[in-house]
Chemist: 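Encoded as structure tokens, here's the structure I'll be asking about.
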Amino acid sequence: CTAASNYTQCIRQTVGGVTMSFGNCPPSPPSPDGGGPLFQVTDRFGVFHNNVPLNNGGDAIFIFSSPSSGASVGTDPPDITGDLFWKTLPGDTVMNHAHGGGGARVMEVDGYHESLFDSFWGTTASPASSSADFYDRSHGLALPSTVNPGNLEPAFIQLGLTTEILVSVGNSGFGNPCTVAPSLCSPPGSTCPPTGFVNGYIVDLFFSSTTGTGIPLLADGTAASNRVTTYYVPGGMTATGGVCGLGDYSLQDEHSTDETQADILGGISRYGGRQLGGGGPIADLVTDVPVPHLAFRELLVNKVADSGGGGGIETGSNGGGGLNAANLTVSGGTATLATEIRDFETAAGGGLHIAIAGSSLIVLPLPVPALGAYLLILPDPVFNATSSIWQGAVSPSMPSFTSEGIFSGAHIPIPAGGVGLVLNTQGLVFDLATFTARTTNVKRSAFHP
């Protein structure tokens, strides 16, 4: 695929009175909310985002039914009986945050990081309708599956649509990658990739930069904060024949299939799944997770781990860590764990800041205000007792953030004696100029045999 930084065209569309910009575009007219274009593709990964990747990098693209089962893009309500896939962010593992003047327990989605592939992008002269469609997606509650125990699935599978929020981006308007990078195609200069391959783009989509224009999700650390993003496959797409031999199929289900999280659910994962037509929910395997992920406006902490099996540190193409950081096998005594703090607001504002991450076995039931921030864990006797595992607080090697706004802490060895413990980690960013602080969400890591 071609990186977004290699995409030199600018495409603008106006849908429902809102201007959407794609590619490397000059400043755009403001949207009706006054905050700039509703969606925009950036030429650098992660800009204006605090991402929660929760994968160790994509290695597969999944095709669903052929022809695909589902409604056309923009259909509201969406077809919940068709082809779809989902990714879940559990309340006890990710969705636990307190911030703002009153310690609000919400996290605001302000964008997406995802890939957009197509088995046929058309020719240079093709209209925009020949370009790939972004899958519609919805945000809603996740419930424990009644079919796949332990998996967290979209609540609408059991209850029908209730309070889901539907987001429709529409047609990308992107040109054929063969015209952007002819070397990706075979023979060079043709409109098709090599046999068996598909071309596409890695994109960042983000909402207006104005706080409150994104999608608020409950984040109080309870089961009520189990949030799921469901992606709906557009109907009528075929994966055979056609100019390039793979039909004309828009593809967004990029998956990681080599995750090394501990197997605690008998071979399946709680973090994702799919549905083929009306065949019912299928839980992802313990090794699998969708790569598309959300970006939030709030300060965030990610965990990055090495399971110790020889595979090394597991990070995604957009940073962050894989599922092993949530369920880490430590019985071998060779696993390690590190913290990554995402704070693009600080990076944009400049100045000197100190980032600290600390862990505890206990999450506070109510946030404790401190210097403008809200603490959800506190150093206590239990924290001190586990200092040999986490070694207390982790401090940055430099007092200022990089331009990307990411602080990556050192990897700490986790001894085999940690089996059975659950470490809850929260990050804090301290502003040396204003003597104020902001805190991240709480991220959980459970240690298993």
Side-chain angles (χ1 to χ4, degrees), residues 45 51-64 83-95 109 112-117 135 137-140 142-145 148-154 157 202 226-233 251-276 281-296 300-307 309 311-329 337 340 342 441 443-446 448:
F45 298 159
N51 290 271
V52 183
L54 212 60
N55 70 87
N56 69 8
D59 52 64
I61 295 287
F62 289 148
I63 292 177
F64 291 77
D83 295 339
L84 54 85
F85 72 98
W86 69 85
K87 185 172 186 177
T88 302
L89 297 180
D92 61 5
T93 304
V94 178
M95 302 297 292
V109 178
Y112 308 93
H113 180 91
E114 58 198 42
S115 297
L116 180 64
F117 295 88
Y135 292 4
R137 69 283 314 264
S138 66
H139 301 277
L143 292 176
S145 174
N148 305 294
N151 180 256
L152 293 173
E153 65 186 20
I157 291 176
I202 299 172
N226 292 339
R227 296 291 120 178
V228 62
T229 304
T230 306
Y231 298 82
Y232 303 91
V233 180
L251 302 162
Q252 288 214 268
D253 188 5
E254 180 185 1
H255 248 68
S256 167
T257 64
D258 59 356
E259 302 288 322
T260 64
Q261 67 168 326
D263 186 1
I264 59 176
L265 297 176
I268 67 171
S269 173
R270 72 192 301 221
Y271 293 95
R274 65 181 61 85
Q275 176 178 276
L276 296 176
I282 303 170
D284 273 349
L285 299 178
V286 66
T287 54
D288 295 359
V289 69
V291 172
H293 55 266
L294 303 181
F296 292 91
L300 293 174
V301 64
N302 291 316
K303 296 282 197 68
V304 184
D306 181 344
S307 296
I313 298 170
E314 298 185 28
T315 60
S317 59
N318 194 34
L323 294 184
N324 64 334
N327 291 303
L328 187 60
T329 299
L337 189 64
E340 175 193 271
R342 295 284 184 114
N441 61 322
K443 194 73 173 286
R444 187 186 75 162
S445 294
H448 302 278

Chemist: So which heavy atom on E314 is nearest to which on S307, and how close?
Modeler: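 Result for this residue pair: OE2-OG, 3.9 Å.
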Chemist: Do D83 and F62 have side chains that get closer than 4.5 Å, going by heavy atoms?
Modeler: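 Not touching, per the 4.5 Å side-chain cut-off.
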Chemist: For the atom pair OG (S145) and CD1 (I268), what is the distance rounded to the nearest 0.5 Å?
Modeler: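 Atom-to-atom, S145:OG and I268:CD1 are 7.0 Å apart.
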Chemist: Is there a side-chain contact between D258 and T287, using heavy atoms and a 4.5 Å cut-off?
Modeler: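 Of all side-chain heavy-atom pairs linking T287 with D258, none is under 4.5 Å.
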Chemist: Just verifying a value: how many Å separate N318 CG and R342 CZ, rounded to the nearest 0.5 Å?
Modeler: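 Rounded to the nearest 0.5 Å, the CG-CZ separation comes out at 5.5 Å.
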Chemist: Check whether any side-chain heavy atom of P90 lies under 4.5 Å from a side-chain heavy atom of L152, and answer yes or no.
Modeler: yes
Chemist: Enter the distance from D92:CG to R444:CZ here, rounded to the nearest 0.5 Å.
Modeler: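 Here the rounded value is 4.0 Å.
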Chemist: Quick check for you: to the nearest 0.5 Å, what is the distance between W86 atom CH2 and Y271 atom OH?
Modeler: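 If I round to the nearest 0.5 Å, the distance is 15.5 Å.
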Chemist: Below 4.0 angstrom, N of the basic side chain to O of the carboxylate: do R137 and E114 qualify?
Modeler: yes
Chemist: Tell me yes or no: between the side chains of S269 and D284, is some donor less than 3.5 Å from an acceptor?
Modeler: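 There is no such pair (donor and acceptor under 3.5 Å, judged by atom type) between the side chains of S269 and D284.
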Chemist: Please check this pair: side chain of N302 against backbone of G321, looking for a donor-acceptor N/O pair closer than 3.5 Å.
Modeler: no
Chemist: Checking N327 side chain against A262 main chain: does a donor-acceptor pair fall under 3.5 Å?
Modeler: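 A pair under 3.5 Å: no.
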Chemist: Search all heavy atoms of T93 against all heavy atoms of K443 and return the closest pair with its distance.
Modeler: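 Nearest pair, atom of T93 first, then K443: O-CD, 3.1 Å.
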Chemist: Side-chain contact test, heavy atoms from C-beta onward, threshold under 4.5 Å: evaluate it for F296 versus N441 and give yes or no.
Modeler: no
Chemist: Checking the side chain of N324 only, and the main-chain atoms of A305 only, is there a donor and an acceptor separated by less than 3.5 Å?
Modeler: yes
Chemist: To the nearest 0.5 Å, how far apart are CG in L251 and CZ in F117?
Modeler: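 So the CG of L251 and the CZ of F117 are separated by 8.0 Å.
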Chemist: Under 4.5 Å between any side-chain heavy atoms of L54 and H293, yes or no?
Modeler: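 Answer no - side chains too far apart.
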Chemist: Between Q261 and L328, is there a donor-acceptor pair closer than 3.5 Å when you use the side chain of the first and the backbone of the second?
Modeler: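 The answer is no, because no donor-acceptor pair under 3.5 Å joins these two groups.
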Chemist: Closest heavy-atom contact between N55 and S256?
Modeler: CB-CB, 4.4 Å
Chemist: If we ignore hydrogens and angles and just use 3.5 Å, is the side chain of N226 paired with the main-chain N or O of L143 as donor and acceptor?
Modeler: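 No.
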Chemist: Just verifying a value: how many Å separate N148 CG and E153 CD, rounded to the nearest 0.5 Å?
Modeler: 7.0 Å
Chemist: Hey, does L300 have a side-chain heavy atom less than 4.5 Å from the side chain of V52?
Modeler: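 Yes. Closest side-chain heavy atoms under 4.5 Å.
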Chemist: Between the main-chain N or O of L84 and the side-chain N or O of Q275, is there a donor-acceptor pair closer than 3.5 Å?
Modeler: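 Not confirmed, Q275 side chain does not pair with L84 backbone.
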Chemist: Locate the shortest heavy-atom distance separating P281 from I157; write the atom from each residue and the value.
Modeler: CB-CD1, 3.9 Å
Chemist: Determine, step by step, whether L337 and S445 satisfy the side chain to side chain contact (heavy atoms under 4.5 Å, CB included) criterion, reporting the C-alpha distance in whole Å, the side-chain angles of both residues, the deciding distance to 0.1 Å, and the verdict.
Modeler: CA-CA 9 Å; L337 189 64; S445 294; 3.8 Å; yes
Chemist: Evaluate the side-chain proximity of Q252 to L116: yes if any heavy-atom separation is below 4.5 Å, no if none is.
Modeler: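 Result yes, sub-4.5 Å side-chain heavy-atom pair found.
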Chemist: Kindly give the heavy-atom pair with the smallest separation between T230 and P154, and that separation in Å.
Modeler: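 The answer is OG1-CG, 3.4 Å.
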Chemist: So, for P292 and K87, which heavy atoms are closest and what is the spacing to 0.1 Å?
Modeler: O-CD, 3.3 Å
Chemist: Do the side chains of D288 and R274 get close enough for a salt bridge, i.e. N-O under 4.0 angstrom?
Modeler: no
Chemist: Stepwise, does the ring pair (Phe, Tyr, Trp, His ring centres under 6.0 Å) test hold for H139 with Y112?
Modeler: CA-CA 12 Å; H139 301 277; Y112 308 93; 5.7 Å; yes
